[in-house]
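Keep in mind the model is a prediction, meaning the values are calculated, not measured. Counting starts at 1 for both ligands and their atoms, following the listed order.
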Amino acid sequence: MSTIRCPICLRMFEPDLRKLYQLNDQGDPIPLVVPPGIDEVEFEERTRNALVLCPSSPPGQPEAHYLQRDFTRYKQPIVIGLVGAKDTGKSTLLATMIQEIDTIGLHDYGLRARPLVDDKHQNFRRDYLDQLITNRRTLLGTPAAREGVQFVDGFLLIEGNDVPQPVVFFDVGGESFTNIKDDKLIQFIQTFTALLFVVDPDRATARPPNADWTFNAVSNRLTGPGKYLDKPTAIVLTKADKLRFEPTVARWLTEQGGILTRKCGEVCIDHDKMREESRDIFGFLYQREAAWAYLPFSTFLTCTLHAVSATGTSAPKPEQPGSATDPRRTYLRPLRSRRVLEPLVAILAMSGAITLPGADRVGRR
Ligand SMILES: Nc1nc2c(ncn2[C@@H]2O[C@H](COP(=O)(O)OP(=O)(O)OP(=O)(O)O)[C@@H](O)[C@H]2O)c(=O)[nH]1
Ligand SMILES: [Mg+2]
Ligand SMILES: [Zn+2]
């Protein structure tokens, strides 16, 4: 790793991996002293959750901030931002994606994934997954972005003996993206190296139209040369269980075959099938005149479209809104996610992290 962009202040810097920090019991960073003469295994264990200082502010200053060492010492991180208005289903989608990485893994795609920061991963499981999967309750709305907002969880992708690559996820309350009055609050958008645009089917099929302006706001915020923005992007029609009577969507939602094939004589990514799904979901959105939803397709160089359901079922709204003290609702049936990993696999293929044959064709026009 040479230089890296700080996701908090956007500064590019070369991390000093010899000066490590750790959090004390009060949660304050203090220098991490490693005894000399220990071997690699012990060093790795002792420094598992180590931090490095971002050089934009010296330690002790109120603006001083630290990054996870493992975010900074490997290949350039893939920083995935989930974009969409309030209630579109971003956090629920992310939760079920992470659950599938934890339980099924990415081995089929040639990668081993381990949590990037153990504490963060435990917190994510507690705040998102215990609620959703164990208690079968809807998630609380995610708080709006604060200054210095950090990723919520991440993994280290390990492929053979190659240098590992971190992949991290930003999940903020949907209202954050349209709060363009305060630049500092949304500068984290500039750290996204890949984007998941999450489409709520209720908005896509609404009459009169109910466009999600976060897609436009985030795309406008990003800059780059050329006709297209060069960041891997997936448009995810989530909550697709609500569209199960729409033949095009139902076809993909019930698709069992996965996106691996042996057509090429060995295991490879079925980019033709992914293109077919993208074309169908694009057609579905086009027919409903939801131009805002497929805008990323004409803005980004590589883009796929997907139909997924994070929960497979809805949680009914209370008959008298506001009467309940706890806004979390209970899902009607046991949760069953469908095809939630596909958009992530597409992003990893477009980012070059998945190297199976065919991966380099994903999302190309
Ligand atoms: N039917 C169905 N409903 C879903 C699904 N995913 C989410 N929902 C519903 O959508 C609501 C909002 O989901 P969240 O994941 O909290 O939405 P969000 O985009 O994170 O919202 P903010 O954090 O407020 O920006 C949930 O409470 C569920 O009621 C799904 O796959 N199917
Ligand atoms: Mg949320
Ligand atoms: Zn910084």
Side-chain angles (χ1 to χ4, degrees), residues 3-15 51-59 61 63-68 71-72 81-99 124 127-129 131-133 135-145 147-150 152 169-179 184 187-188 190-191 196-203 212 214-215 236-244 249 253 306-318 321 326-333 335-340 343:
T3 55
I4 184 163
R5 188 176 299 286
C6 170
I8 297 174
C9 69
L10 303 186
R11 166 81 62 98
M12 286 295 283
F13 73 100
E14 198 168 330
L51 305 168
V52 294
L53 176 72
C54 169
S56 64
S57 314
Q61 294 293 312
E63 306 82 42
H65 51 270
Y66 298 79
L67 305 180
Q68 268 77 31
F71 181 77
T72 66
L82 288 106
V83 180
K86 208 169 167 40
D87 273 341
T88 48
K90 301 179 293 301
S91 302
T92 314
L93 174 67
L94 178 61
T96 51
M97 263 180 192
I98 287 187
Q99 170 74 357
F124 186 88
D127 296 344
Y128 285 63
L129 289 166
Q131 201 45 245
L132 185 68
I133 299 190
N135 301 335
R136 217 204 287 171
R137 305 279 293 277
T138 57
L139 298 172
L140 290 172
T142 312
E147 199 175 325
V149 63
Q150 282 262 30
V152 277
F169 300 92
F170 269 87
D171 179 33
V172 297
E175 65 274 32
S176 316
F177 297 114
T178 37
N179 178 9
K184 277 229 171 298
Q187 68 175 13
F188 68 93
Q190 303 301 341
T191 66
L196 285 171
F197 286 94
V198 183
V199 177
D200 185 335
D202 290 344
R203 282 178 179 269
D212 181 344
T214 65
F215 286 29
V236 188
L237 181 60
T238 192
K239 309 188 193 180
D241 53 286
K242 290 187 164 186
L243 299 170
R244 61 188 174 280
V249 177
L253 202 56
H306 307 261
V308 317
S309 168
T311 62
T313 172
S314 291
K317 296 228 169 0
D326 186 345
R328 291 169 300 183
R329 291 166 281 125
T330 305
Y331 284 95
L332 292 176
R333 285 188 291 277
L335 302 199
R336 205 157 61 124
S337 54
R338 273 203 185 276
R339 309 190 80 241
V340 289

S.K.: Run through Asp171, Thr96, Asp127 and flag the one making a side-chain hydrogen bond (donor to acceptor under 3.5 Å, both in side chains) with Ser91.
M.R.: Asp171

S.K.: Considering the options Thr214, Thr238, Leu237, Leu94, which one meets the side-chain contact (heavy atoms from CB on, under 4.5 Å) requirement together with Val198?
M.R.: Thr238

S.K.: With 2.8 Å as the limit, jot down which protein N, O or S atoms are around the Zn ion (ligand 3).
M.R.: Cys6 SG, Cys9 SG, Cys54 SG, His65 NE2

S.K.: Check side-chain contact (heavy atoms from CB on, under 4.5 Å) between Ile8 and all other residues, then give those that pass, not counting sequence neighbours.
M.R.: Cys6, His65, Leu67, Gln150

S.K.: Take a 6.0 Å sphere around CZ of Arg328 and say whether it holds more than 12 heavy atoms from other residues, nucleotides or ligands.
M.R.: yes

S.K.: Please tabulate, one line per pair, the protein N or O atoms found under 3.5 Å from any N or O atom of ligand 1, giving the distance to one decimal.
M.R.:
from: ligand 1; atom 1: 1 (N); to: Asp241; atom 2: OD2; distance (Å): 2.8
from: ligand 1; atom 1: 1 (N); to: Thr313; atom 2: O; distance (Å): 3.2
from: ligand 1; atom 1: 1 (N); to: Ser314; atom 2: OG; distance (Å): 2.8
from: ligand 1; atom 1: 10 (O); to: Lys239; atom 2: NZ; distance (Å): 3.0
from: ligand 1; atom 1: 13 (O); to: Thr92; atom 2: OG1; distance (Å): 3.4
from: ligand 1; atom 1: 15 (O); to: Ser91; atom 2: N; distance (Å): 3.3
from: ligand 1; atom 1: 15 (O); to: Thr92; atom 2: N; distance (Å): 2.8
from: ligand 1; atom 1: 15 (O); to: Thr92; atom 2: OG1; distance (Å): 2.4
from: ligand 1; atom 1: 17 (O); to: Gly89; atom 2: N; distance (Å): 3.1
from: ligand 1; atom 1: 19 (O); to: Thr88; atom 2: N; distance (Å): 3.2
from: ligand 1; atom 1: 19 (O); to: Thr88; atom 2: OG1; distance (Å): 3.4
from: ligand 1; atom 1: 19 (O); to: Gly89; atom 2: N; distance (Å): 3.0
from: ligand 1; atom 1: 19 (O); to: Lys90; atom 2: N; distance (Å): 2.9
from: ligand 1; atom 1: 19 (O); to: Lys90; atom 2: NZ; distance (Å): 2.7
from: ligand 1; atom 1: 20 (O); to: Ser91; atom 2: N; distance (Å): 3.0
from: ligand 1; atom 1: 20 (O); to: Ser91; atom 2: OG; distance (Å): 2.9
from: ligand 1; atom 1: 21 (O); to: Asp87; atom 2: N; distance (Å): 2.9
from: ligand 1; atom 1: 23 (O); to: Thr142; atom 2: N; distance (Å): 2.8
from: ligand 1; atom 1: 23 (O); to: Thr142; atom 2: OG1; distance (Å): 2.9
from: ligand 1; atom 1: 24 (O); to: Lys86; atom 2: NZ; distance (Å): 3.2
from: ligand 1; atom 1: 25 (O); to: Lys90; atom 2: NZ; distance (Å): 2.8
from: ligand 1; atom 1: 25 (O); to: Gly174; atom 2: N; distance (Å): 2.7
from: ligand 1; atom 1: 31 (O); to: Ala310; atom 2: N; distance (Å): 2.9
from: ligand 1; atom 1: 31 (O); to: Thr311; atom 2: N; distance (Å): 3.2
from: ligand 1; atom 1: 31 (O); to: Thr311; atom 2: OG1; distance (Å): 3.3
from: ligand 1; atom 1: 32 (N); to: Asp241; atom 2: OD1; distance (Å): 2.8
from: ligand 1; atom 1: 32 (N); to: Thr311; atom 2: OG1; distance (Å): 3.0

S.K.: For residues Tyr128 and Ile98, determine if any side-chain heavy atom of one lies less than 4.5 Å from a side-chain heavy atom of the other.
M.R.: no

S.K.: Just to be sure I understand the site: which N, O or S atoms from the protein are less than 2.8 Å away from the Mg ion (ligand 2)?
M.R.: Ser91 OG, Thr142 OG1

S.K.: Give, for atom NZ of Lys90 and atom CZ of Phe177, the distance between the pair rounded to the nearest 0.5 Å.
M.R.: 6.5 Å

S.K.: Any heavy-atom pair between the side chains of Arg136 and Leu335 that's under 4.5 Å?
M.R.: yes

S.K.: In Å and rounded to the nearest 0.5 Å, what is the OG1 to CZ distance from Thr191 to Arg5?
M.R.: 9.0 Å

S.K.: If you round to the nearest 0.5 Å, how far is OG1 of Thr92 from CE of Met97?
M.R.: 11.5 Å

S.K.: Could you tell me the separation between the CD1 atom of Ile4 and the OG1 atom of Thr72, rounded to the nearest 0.5 Å?
M.R.: 5.5 Å

S.K.: Under 30°, 30 to 60°, or over 60°: which ring-plane class applies to Phe188 and Phe170, parallel, tilted or perpendicular?
M.R.: parallel

S.K.: Roughly how far apart are Asp212 CG and Asp200 CG, rounded to 0.5 Å?
M.R.: 8.0 Å

S.K.: Please report the interatomic distance OG1(Thr311) to CG(Leu132), rounded to the nearest 0.5 Å.
M.R.: 7.5 Å

